[in-house]
Structures are given as structure tokens and as C-alpha cells.
Amino acid sequence: MCAASVARSQQMGVATGNGHATPAKPLPPGVKPPVVDYRDIAAQAGLSAATISGAEVGKQYIVETTGSGVAILDYDNDGLPDIFVVNGGRFDGPQPVDHLYHNLGGLKFEDVTQKAGLHRTGWGQGVCAGDVDNSGHVDLFVTEWGTNAFFHNLGNGTFREEAQERGLASPTRRWSTGCAFVDFNRDGHLDLIVAHYVDFDPSQTPRPGEKSQCRWKGLPVLCGPRGLPAETMSLYQNDGHGHFKDVSNAMHITTQRDYYGFSVLTGDFDNDGWPDIYIACDSTASLYYHNLGGKDFEEIAVKAGVAYNEDGREQAGMGVSAADLRHKGRLDIFKTNFADDTPTLYRNDGENNFTDDTIDTGLAVNTRFLSWGTSFLDFDNDGWPDLILANGHVYPEVETGNTGEHFRQHRLLYWNRGDGGFYDLSSAAGSGITDAHSSRGLAVGDLDNDGQQEIVIVNMGEPPSLLKNFAPTSLNSLTVRVLTASGRDDIGARVTLTAGGQKQMNEVRSGGSFLSQSDFRLHFGMGKATSASLAVRWLSGKTETFTNLAAGQIVTVQEGKGIVNRQPYAH
């Protein structure tokens, strides 16, 4: 931090070095946070396969440290969200496969990987979901260090890998990371944005400690990303039949090879009706592609204030999420970063202007965590988006290196106080938060359709975690699924819910978090309100309104057809 920022941080009571500070905004008298009790029920649920990412100890290359993502999606349209976990790879020994877990109901899952035809191996990284041919069956795109995979959903419970024939296979080995399906030109067909990290060749990469950039706090560690060749980003346009053309150059997505791209976040950040693209980059400035009416993009991260932190400093960006935190009808951007730093919250001031609001919102109280996957979620259903972060170090050597760091770290959970600030609830949020892992990808979704969202987190060298909040709540919620006229999830559609005198807004999105994909359905906490109205701005530009919707249900709305399904919450 610069001197001015350090002084301001000390005034706010925020940590500026390695350690944990007291909350920047103490709770006002009489205000009590909700009771939260997250527990990891993955073993009972049947999520049993460990995630492999190179060697468990003695990792030699950076590709062994980044881990992988997870997707929550309903691949068989039975109304129960399923889980897809991306697996990594090994330099020696048998190669692992990704895992698809079919939701059986009641938070029980069956591993159907082989049955679904998903037995392909590869050094997996990220995942995003979208129905590219408007068939009504959601497809999967998996990024890899190598050749990316596109799993076409055949609609009968199985998938077929079709990256080559769809135009999505890279002609050379490449390290791809985050991805998101997005209909950037609003033609009704999903396009695809893919981030790339390092131009990585093990034969050309120094070993731990061989160069100055391969040391950390006096320890010899694996090299990168700094010192390794950087990358750029890719955009693929859908031809209307589920086949793709690389339009990166034509749409000015291609940059100089100066960026280590990680996670992709989409959203209409300037409220002009066109989806924009934000990419969190590691150790370099992050990227913000402003959509120029579907005809072109301009990269304006520096101008918009989302390239650096408030000190003008590059950060090691990992995961990303977005939410309308102040009920202003604008999407704010949250980014996780490396250890010895805070995360970053960019307040959306409108018209492509953002302000670093991390300190003032109380989110600068932790600096000793290396954070990856993240998501906004309303765990107490009070109508204000809360925040979860998954953490874990990249260097196993920190456990024995006398650095004060830990490879396995607990999660962070922040409660949105509703007054512009967050309160760190991590230590009192249950064993699912306080247990330590080296975690990476994270996705959120209501897996048992009971009106409260679960959290799935990928752990290095372990099976994933499935966090369920067992604390009771007396507050209400409504879950909304938004479909196009053709019957697919309308990625990019915006939903505004009004309940109890408050307006909330969110958008349907693909990708996000750290290399992951959350449930397409939008969850809205309603507090004590028992009914709500919805305004849906379809990506096509049309708007429809639905009134007098009772809380406690999952509502499916379809463009031009109105409410096509109502499903009461499970009990």
C-alpha cells in the first residue's frame, strides 16, 4: 500500500500487514447478526472423488497449484440441480476424470460420470454452462491446460465431446482458465468468452528457486506467473447453429500478450442493455470489455476504475462476483486476491465509473488469506446479498517454512448489514466455514429446493465440500428461473424484484466465481414480505412484469409465455 492508504487504513482499524484486524465497522448498538451454522455434508451426500492437481507435495510447476472449478446445473431438466466437478491432472501416473453427480433429491447424489459419457481425461481448469443450440438441454464447456472440451448434452442423460467439430478446439496446446457463455450481440444464440493464463511449457520453465521470481518469503517455490510468458483472451461467436468462429481480433478482445487471465464475469455493468465482460487477472491489471451495441468491444478497465486497486496497484486477481449491493439497480464487482492483500470491491457509480469501496464497506479486515472462489448469496433471506470466499495457499512449503502462513485455510463469510457495510461472521458460522482446506472453485445453488442456497467448494487433494446452513430462518424468499422463448436459460436477462418496499436486481449469468458456474436460477431473500412483483428485462430487450407472486416457491417465467411453472419449496 502507498503511505496515504496505510494511514487511512490505520484510522479505519484495518490490517495493512500480515494478520487479522478488528472489523472496520463495529455493529451499531442493538444490531445482532443472524445465527449461521454451515456444515459440510459432502460425504453423506455422495460427493466422494478427490480433486487432483499435480503432486500433493513437491509441486514443480504453477499448473499444479491453480486447482479447478465446479458447476451447478440441471443437466436432465428434472428440477433438481446437479453438480459437475472439474478435475486436474498429473505429470506421472493415471490421469483423473471430471465427475458429474446426479441429484437424487434430499441432498443425495449419484456419480454418473461414466454413465453420462464424461470419461475424457485432460488437465482441467474451469467450466461454464449454456445451451448453445437452443435445444432446451444445457451443454458444458471445460477449459484445460491443453485442448478445451465441449460436452454437448444429447438430452438423454449423456454428453458427447464435440469441441473440434464445433470450432472450439485450440489448434495448439494452450492454458485456458475462466469462461462464460454470453450472447454479446443479442441474436438469440450464446457466444463464448475464454480467458487464458500463461503460455506454459514445462521444458522452458525454471524449477523452484532457480530464479529470483521463483522464491517467496525466502522459500524456493514454483515459478510464475511473473517471469513466464503472458496471454490474451478469446471470443467465439455462435453462427446460430451451435458452431463457433473465433472473432477475438475482429471484436478487439485480443490484447497484447501482457495478461494472466483467470476468471470471467459478465453483466450489463453500465445499464445500456448490452452484456459487458470483466476478467480478473493475476499479477497484472484486470480487463473490462465494454460492449458497443453488439458490434465491437472497447477495453476500458483503467478508465472505468476496475483495473487496479485504489492505490493504482496491480493485484493478483483470482475470483469474481457481482451484485446490486445497495439496491441502486447497478451491479457492483467483487474480486478476490493473493495473500498479504485484501479483496477488492468496486462500487458501481454508473456510466462505467467504479470506485474502490473495499475499506469503507468493511471488507479489508482480512489480509492473511489467499482467496479464490467467491459468490454473493443471501444466506439469511433478509434481501441483502452476503458474501462467501474460499481460501487456500498455492505453496505447500508454507507449512514448514516459518512464514506464518498455512496451505489449508478456513473460509470467509461476510454478513451484509444493509447499511453499506459487511460484518465478518467467519468464526461463528459453523464448522463448514471454520474447517481448513486448500480450496479453489466455488458455486452456489439451492440443491434441495428448500429456499436456502447451498455452497459447493473444490478442495485440492480432497473431495469437494457441500455446505448446508442448518440454522433456522423465519424470513422468506423467492427463486426465479428465466427462460427464453425457445426454452433455454436466458443468460443475460435482468430480474428486478420488489418486496416489502425494497427493490433488488440480479442477472442470469454463466461462469464467474473462480473458474466456476452457479445455478442459473436467481434467489431473492424477501425478509418478512410474503409477496413480490417481478420485472424481467429479457436479453432481447423486451420487458414483462409479474405481480402478486407468493413467497416460498420456485417460479419459472418464459419470454412471451408468462409463468409456466410454480413449485412450492420442499420441506
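Keep in mind the model is a prediction, meaning the values are calculated, not measured. Just so it is clear, the values below take in all heavy atoms, side chains as well, and ignore hydrogens, waters and symmetry mates. In what follows, residues are counted from 1 in the order of the sequence shown.
In summary, the side chains of Arg411 and Ser465 do present a donor paired with an acceptor at a separation below 3.5 Å, with no hydrogens or angles considered. If you check the side chains of Asn449 and Arg521, you find a donor sitting under 3.5 Å from an acceptor. Side-chain contact annotation: Asp282 with Tyr259, donor-acceptor N/O pair under 3.5 Å absent. Side-chain atoms of Glu144 and Ser176 include no donor-acceptor pair closer than 3.5 Å. One side chain, Asn249 or Thr254, offers a donor N or O that lies under 3.5 Å from an acceptor on the other. Using modelled atom types, one finds no donor on one side chain facing an acceptor on the other under 3.5 Å when comparing Asn506 with His523. A side-chain donor from one of Arg494 and Asn271 sits under 3.5 Å from a side-chain acceptor of the other. Looking at Asn459 and Ser439, their side chains do bring a donor and an acceptor atom within 3.5 Å of each other. Side-chain contact annotation: His196 with Thr177, donor-acceptor N/O pair under 3.5 Å absent.
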I would like to know whether Asn103 and Tyr75 meet side chain to side chain contact (heavy atoms under 4.5 Å, CB included); could you show each step before the answer? CA-CA 10 Å; Asn103 193 335; Tyr75 79 93; over 6 Å; no
Before giving the answer on side chain to side chain contact (heavy atoms under 4.5 Å, CB included), spell out for Leu345 and Leu325 the whole-Å C-alpha distance, their side-chain angles and the decisive distance to 0.1 Å. CA-CA 10 Å; Leu345 176 64; Leu325 295 178; 3.6 Å; yes
With side chain to side chain contact (heavy atoms under 4.5 Å, CB included) as the criterion, how do Glu314 and Tyr308 come out once you've worked through the C-alpha distance, each side chain's angles and the decisive distance to 0.1 Å? CA-CA 5 Å; Glu314 295 173 341; Tyr308 311 108; 3.6 Å; yes
Evaluate Ser286 against Ile279 for side chain to side chain contact (heavy atoms under 4.5 Å, CB included), listing each step before the verdict. CA-CA 6 Å; Ser286 291; Ile279 299 178; over 6 Å; no
Quick one: do His119 and Asp98 satisfy side chain to side chain donor-acceptor pair (under 3.5 Å)? Show the steps, please. CA-CA 7 Å; His119 42 72; Asp98 305 326; over 6 Å; no
Show your working on ring-ring contact (aromatic ring centres under 6.0 Å, His included) between Tyr61 and Trp145 and close with a plain yes or no. CA-CA 12 Å; Tyr61 301 107; Trp145 170 52; 8.4 Å; no
For salt bridge (charged side-chain N to carboxylate O under 4.0 Å, His left out), just list the numbers for Arg330 and Asp324, CA-CA rounded to whole Å, side-chain angles, deciding distance to a tenth of an Å, and then say yes or no. CA-CA 5 Å; Arg330 297 191 291 263; Asp324 178 13; over 6 Å; no
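Looking at heavy atoms from C-beta onward, His252 lies out of side-chain contact with Glu298 at the 4.5 angstrom threshold. Residues Val557 and Val555 are in side-chain contact: their nearest non-hydrogen atoms beyond the backbone lie under 4.5 Å apart. Using a 4.5 Å heavy-atom cutoff, the side chains of His102 and Asp76 are in contact. With a 4.5 Å cut-off on side-chain heavy atoms, Asp74 and Val138 do not count as touching. Using a 4.5 Å heavy-atom cutoff, the side chains of Arg174 and Asp199 are not in contact. No side-chain heavy atom of Tyr236 sits under 4.5 Å from any side-chain heavy atom of Ile193. A heavy-atom distance below 4.5 Å is found between the side chains of Val480 and Leu534. Within the 4.5 Å cutoff, the side chain of Thr374 has heavy atoms near those of the Leu387 side chain.
Here Asp341 pairs with Arg313 in a salt bridge; the nearest charged N to carboxylate O distance falls below 4.0 Å. Look at Asp92 and Arg90 and you find no salt bridge, because none of the NZ, NE, NH1 or NH2 atoms lies under 4.0 Å from a carboxylate O. Salt-bridge formation is detected for the pair Arg537/Asp268: a Lys NZ or Arg NE/NH1/NH2 atom is positioned less than 4.0 Å from an Asp or Glu carboxylate oxygen. Salt bridge absent: Glu544 and Lys561 never bring a charged side-chain N and a carboxylate O closer than 4.0 Å.
Looking at Asp139, its side chain does come within 3.5 Å of a backbone N or O of Asn153 through a donor-acceptor pair. Here the side chain of Asp191 pairs a donor or acceptor atom with the backbone of Asn238 at under 3.5 angstrom. Not a single donor-acceptor pair under 3.5 Å links the side chain of Glu462 to the backbone N or O of Pro464. Counting only distance, with no hydrogens or angles, the side chain of Ser371 and the backbone of Leu389 share no donor-acceptor pair below 3.5 Å. Remark: side-chain polar atoms of Asp131 are not paired, donor with acceptor, to backbone N or O of Arg488 under 3.5 angstrom. In this structure, Arg166 contributes its side chain and Gly242 its backbone to a donor-acceptor pair below 3.5 Å. Although no hydrogens or angles enter the test, the distance criterion places a donor-acceptor pair under 3.5 Å between the side chain of Gln95 and the main chain of Gly93. Proximity of a side-chain donor or acceptor of Thr284 to a complementary backbone N or O of Cys281 within less than 3.5 Å is not detected. Between the side chain of Asn291 and the main chain of Pro275, a donor-acceptor pair closer than 3.5 Å is present. Side chain of Glu64 to backbone of Ser53: no donor-acceptor contact under 3.5 angstrom is found.
Atoms OG and CD, on Ser375 and Gln453 in that order, are 7.0 Å from each other to the nearest 0.5 Å. Once rounded to the nearest 0.5 Å, the distance linking OG1 of Thr543 with CD of Glu559 reads 9.5 Å. Of the inter-residue distances, the one linking Met318 atom CE with Arg440 atom CZ reads 8.5 Å to the nearest 0.5 angstrom. How far CG of Leu190 is from CG of Leu539: 9.0 Å, rounded to the nearest 0.5 Å. Note that CD of Glu162 and CG of Leu168 are 10.0 Å apart. Values are rounded to the nearest 0.5 Å. Once rounded to the nearest 0.5 Å, the distance linking CG of Asn134 with OG of Ser486 reads 3.5 Å.
Ring to ring, Phe84 and Tyr101 are not that close: their centroids are 6.0 angstrom or more apart. Checked against a 6.0 Å centroid threshold, the rings of Phe184 and Phe297 count as neighbours. For Trp274 and Phe269, the distance between ring centers is not under 6.0 angstrom.
Between Tyr395 and His393, the ring planes lie tilted relative to each other; the angle falls in the 30° to 60° range. Between Tyr197 and Trp175, the angle of the ring planes goes over 60°, which puts this pair in the perpendicular group of the 30/60° scheme.
Shown here is Gln567, whose CD atom has more than 12 heavy atoms of other residues, nucleotides or ligands within 6.0 Å. More than 12 heavy atoms of other residues, nucleotides or ligands sit less than 6.0 Å from atom NE2 of His243. The environment of Glu110 atom CD is dense: over 12 non-hydrogen atoms of other residues, nucleotides or ligands sit within 6.0 angstrom.
Residues in residues 237-250 take part in no salt bridge (charged side-chain N to carboxylate O under 4.0 Å, His left out) pair, two or more places apart or across chains.
Tested against Thr344 for a side-chain hydrogen bond (donor to acceptor under 3.5 Å, both in side chains), the candidates Asn309, Thr336, Asn337 yield a single pass: Asn337.
The two residues Val444 and Ile72 have their closest heavy-atom pair at C-CD1, 3.5 Å.
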